[in-house]
Amino acid sequence: MRAHTSLALPRPARPLAVARVAVTRSSGPYRPWRAGTREAITLTATNEETHIDPVALEHSEAGVPEEDTSHPLVADAPVKADSPTFGELGVREEIVRSLAEAGIHRTFAIQELTLPLALAGDDVIGQARTGTGKTLGFGIPLLQRIVTPGDGTPQALVVVPTRELCLQVTHDLTDAAKHLNVRVLAIYGGRPYEPQIAALRKGVDVVVGTPGRLLDLAEQRHLVLGKVRGLVLDEADEMLDLGFLPDIERILRMVPDERQTMLFSATMPGPIITLARTFLNQPTHVRAEENDAGAIHERTEQFVYRAHALDKSELLARALQSRERGLSMVFTRTKRTAQKVADELVERGFAAAAVHGDLGQGAREQALRAFRSGKIDVLVATDVAARGIDVEGVTHVINYQCPEDEKTYVHRIGRTGRAGRTGVAVTLVDWDEMPRWKMISDALNLGKPEPVETYSTSDHLFADLDIPAGSTGRLPLGLRTRAGLDAEPEENLKGEKKTRKRRRSGRAGDAAPATESGNGGGSGTGTGSTGSGSGEDGGTRPRKRRRSRGGVSAGGENGAAPEASAEVTAGAPDSPASSSGEADRPRRRRRRRTGGESPESAPAE
């Protein structure tokens, strides 16, 4: 274990002591322009129970299931026997008790280095791999400084890149603060605004959200950021990749200058360093990693195969039949490929589902709940949708397509081999992806620049992954024991749109289809047939509209011409009363065409 603590990235904009005082006090003067622009609504604290349960919010439409399958606060990161306890580091007794109930007694590596600095009020840059307990590394200092009961205005803000990570962080903070009476709220897109606005009006202490929805509510003045004294940017490098950096800068300008800021990221690219120089006050850079910085997930056994694109589906189906396989994640580069692979796996008998950006929020949460509860055991996801997903029991990670770079590869295989467990990572590299894979292998010192050519029937594939002999591309009926995605109810978040569509079609009535079909054959034909066909049932409105379109020439010469044509129209069907509607159309067509050319024919009769 190596810890790098250096007072890097200096920005002498304001002294550090001032920031510490501002963090510890419960209230104080704020800049007038912030109070005038952001505190548009007044939030008052009441004695009623206003605790916002993230599980209830997540299932607000379909109802909370009998068994909560969301991610609980568990001790799933490596910890040393001689690591200090949370009480020894000065953590509040209520938080220590909540962690003890979850089986967490001693600090993890990143927490051991971060907590002393963060509890003292210093700005921190934390750099560590996924699955090492970063959430509690910044969550405990935030909860430690919350003043209860508050006035309902958020005192701490956590910004995360994805909706799934937002829910996960909210669950962890809620479990850690269950003895503090701290109200934690998740704010993310894909959900109705009304429940989130109502929760903000009741009053919250900690807000966890994605940049887009946070900005929307802040600009609508439902979210007040003028009293935020603790700010956390989690997975900052991923927010950079998703293009959220401008939104992050806008959010940072909305919060007070006197605050504590903590930035956590797996990597430190140039724009993230620039962000830290601009908005952090003399931060301390903390890194928690193994002695060999290039070693990644040494407990994960990695296999790389050169596979043909037309044989990947067969190869994947056989790889998923490995002995001792638990939950598995399959990664693709595109959303279309993710859905295609998931559909093929379901057709082959596997309990699989897809998570990607083209799915609605209800469908994404349905797939994640089914995956966590074990109703499905294969989750096909894109890199963006899977960022931050933390599920216990993932034994296999399969890269259906080669990752874009070494950072993406590390994040993908980081879904397995967590908390001291072992895992298997399989990467399928196509012929045109060989140069990209060679760069990844060289950057991570994997020593596998030339993957072996492999097909679904190769003997070394069965031997490496411990696949039973005779396995085919379809899962045997005796092994199809999972309930499947349909067993998990999907929340309906778009009920209003369906009713609007029905109302729109019903308002058009029978005239709209007739007009469309008439327009297909010609404007004059459609006008005449529709006007007479709806004259008996529809009243004067449809006939008036159609006369104005078809009888322009007759009406232009004589104002009484439309009335005459109406009399002819009403009297003409007396003789062929038993004929069908199709037989009436030719006569009306002839009458319409001759109505404007020979207006004197009507008086002759």
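This is a predicted model, so every value here is computed, not measured.
Using a 4.0 Å cut-off between a side-chain N of Lys or Arg and a carboxylate O of Asp or Glu, D358 and R336 do not qualify as a salt bridge. Salt bridge annotation for E258-R229: absent, with no cationic side-chain nitrogen under 4.0 angstrom from a carboxylate oxygen. Classification of R333 and E433 as a salt-bridged pair holds, one side-chain N sitting under 4.0 Å from a carboxylate O.
The shortest side-chain heavy-atom distance between M239 and L245 does not fall under the 4.5 Å cut-off. Contact annotation: the side chain of V232 never approaches that of V159 to less than 4.5 Å [non-hydrogen atoms, C-beta and beyond]. Put simply, the side chain of K375 does not reach to within 4.5 Å of the side chain of L485, judged on heavy atoms. Within the 4.5 Å cutoff, the side chain of L280 has heavy atoms near those of the I125 side chain. Using a 4.5 Å heavy-atom cutoff, the side chains of L99 and L136 are in contact. Side-chain contact between L119 and V91: present, with at least one pair of heavy atoms (C-beta onward) separated by less than 4.5 Å. Inter-residue side-chain proximity for V397 and S328 is flagged as unmet; no heavy-atom pair is nearer than 4.5 Å.
With sequence neighbours excluded, the residues satisfying salt bridge (Lys or Arg N to Asp or Glu O under 4.0 Å) with R92 are E94. Partners of D216 by salt bridge (Lys or Arg N to Asp or Glu O under 4.0 Å), not counting sequence neighbours: none found. With sequence neighbours excluded, no residue forms a salt bridge (Lys or Arg N to Asp or Glu O under 4.0 Å) with D234. Residues satisfying the ring pair (Phe, Tyr, Trp, His ring centres under 6.0 Å) criterion with F86, sequence neighbours excluded, are absent altogether. Listed by chain and number, the residues in a side chain to side chain contact (heavy atoms under 4.5 Å, CB included) with E406 are I440, A443, L444 (sequence neighbours excluded).
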Evaluation steps, side-chain contact (heavy atoms from CB on, under 4.5 Å), between V169 and V184: CA-CA 10 Å; V169 172; V184 184; over 6 Å; no
query: Hey, mind stepping through V424 and T395 against side-chain contact (heavy atoms from CB on, under 4.5 Å) and telling me if it holds?
result: CA-CA 6 Å; V424 176; T395 60; over 6 Å; no
task: Apply side-chain contact (heavy atoms from CB on, under 4.5 Å) to L446 and Q302, showing your working.
output: CA-CA 9 Å; L446 299 179; Q302 304 173 48; 3.7 Å; yes
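To the nearest 0.5 Å, the span separating CD on E164 from OG1 on T210 amounts to 10.0 Å. Of the inter-residue distances, the one linking E404 atom CD with R436 atom CZ reads 5.0 Å to the nearest 0.5 angstrom. To the nearest 0.5 Å, atom OG1 of residue T162 and atom CG of residue L167 are 9.0 Å apart. Atom CG in L252 sits 5.5 Å away from atom CG in L233 (nearest 0.5 Å).
Note that R259 lies outside the cation-pi zone of F279, set by a 6.0 Å cut-off to the ring centre and a 45° limit from the axis.
Sorted by first and then second residue, the ring pair (Phe, Tyr, Trp, His ring centres under 6.0 Å) pairs involving residues 225-267 (not counting sequence neighbours) are F138-F264.
Here the rule is side-chain contact (heavy atoms from CB on, under 4.5 Å) with V206, and of V228, L173, L157 only L173 fits it.
Residues T170 and C166 come closest through the heavy atom pair OG1-O, 2.7 Å. Heavy-atom minimum distance, A309 versus D430: CB-OD2, 3.3 Å.
Donor-acceptor pairing under 3.5 Å is lacking for the side chains of Q155 and R145. Looking only at atom types and distance, the side chain of Q339 has a donor-acceptor partner in the side chain of D343 under 3.5 Å away.
In the displayed structure, K178 atom NZ is contacted under 6.0 Å by more than 12 heavy atoms of other residues, nucleotides or ligands.
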